[in-house]
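Throughout, residue positions are numbered sequentially from 1 according to the sequence presented.
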Amino acid sequence: MRRALRLRSERRQLMTAEAEVLGELRRLRARLPQLTGALAASTDGLVLAEELSGAGSAGALGAEPEGVAALTAAALGVSLRLTDSTGQGGFRELLIRGERGYVATYAAGGSAVLTVLAEPRINVGRLHLEARRSGARIGALVDSALERPENA
């Protein structure tokens, strides 16, 4: 019961950073026009903010944002186990190249991740540069929200 209350409190605190995180996602998309979507989520799969192209969010992602956040959390779990078991240190990023583009996930502080979708023609080096910077900013926003007292 205490764990459930603590998780509910953390989720409320995370949502206080939503507007600022959304602003960062929009700035990232402005810097990288080849992005087709960007999503910030907690490490347990809660959508914090999303910035997507197209008529609907499901169209841009190919799935609902909540589903992408859940899959990101699952991929993060596997990535954490893999980096740990191979002695490579903590998780930083994951890049997947598909036939129609890229899916990349970046660490965003200790409690969040940034997942972006990009067209196949994107400059991957620039993607890494910009998304790492945005991930650091989002991480700072989310970690700061979690550090603030709930009633502040």
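A donor-acceptor pair is defined here as one N or O able to donate and one able to accept, closer than 3.5 Å; such a pair exists between the side chain of D143 and the backbone of G110. R29 places a side-chain N or O within 3.5 Å of a backbone atom of E51 that can act as its donor or acceptor partner.
Here the OG1 atom belonging to T105 is positioned 6.5 Å from the CD1 atom belonging to I96, to the nearest 0.5 angstrom. Residue R92 holds its CZ atom at 13.0 Å from OG of S79, rounded to the nearest 0.5 Å. One distance of note links OG1 of T72 with CG of D44; it measures 12.0 Å at 0.5 Å rounding. For the atom pair Q34 CD and L117 CG, the distance stands at 13.5 Å (nearest 0.5 Å). L114 contributes atom CG, which lies 8.5 Å from atom CD of E24 (distance to the nearest 0.5 angstrom).
Looking only at side-chain heavy atoms (C-beta outward), L35 and I122 come within less than 4.5 Å of each other. Within the 4.5 Å cutoff, the side chain of R126 has heavy atoms near those of the R31 side chain.
The shortest heavy-atom contact between T83 and G90 is OG1-C, 4.3 Å. What you find for L95 and A104 is that their closest heavy atoms are CD1-CB, 3.8 Å. Residue L48 comes nearest to A112 through the heavy atom pair CD1-CB, 4.1 Å, listed as atom of the first residue, atom of the second, then distance. The shortest non-hydrogen separation linking T36 to A118 is OG1-N, 4.1 Å. The two atoms that bring P65 and V47 nearest to each other are O-CG2, 3.6 Å, heavy atoms only. Nearest approach of S42 to V113, heavy atoms of both residues: O-CG2, 4.5 Å.
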Intermediate values then yes/no, side-chain contact (heavy atoms from CB on, under 4.5 Å), L25 and S134: CA-CA 7 Å; L25 294 179; S134 287; over 6 Å; no
CA sep, side-chain torsions, deciding dist, call: T115, V103, side-chain contact (heavy atoms from CB on, under 4.5 Å): CA-CA 7 Å; T115 296; V103 179; 4.0 Å; yes
Chi angles and distances behind the side-chain contact (heavy atoms from CB on, under 4.5 Å) call for L80, L76: CA-CA 6 Å; L80 288 169; L76 177 62; 4.0 Å; yes
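Legend: ring pair (Phe, Tyr, Trp, His ring centres under 6.0 Å) pairs involving residues 90-136, not counting sequence neighbours, sorted by first then second residue: Y106-H128.
Each of V124 and L129 belongs to its own hydrophobic cluster when Ile, Leu, Val, Met, Phe, Trp and Tyr are linked at side-chain heavy-atom distances under 4.5 angstrom.
The number of heavy atoms from other shown groups lying within 6.0 Å of CZ (R81) does not exceed 12.
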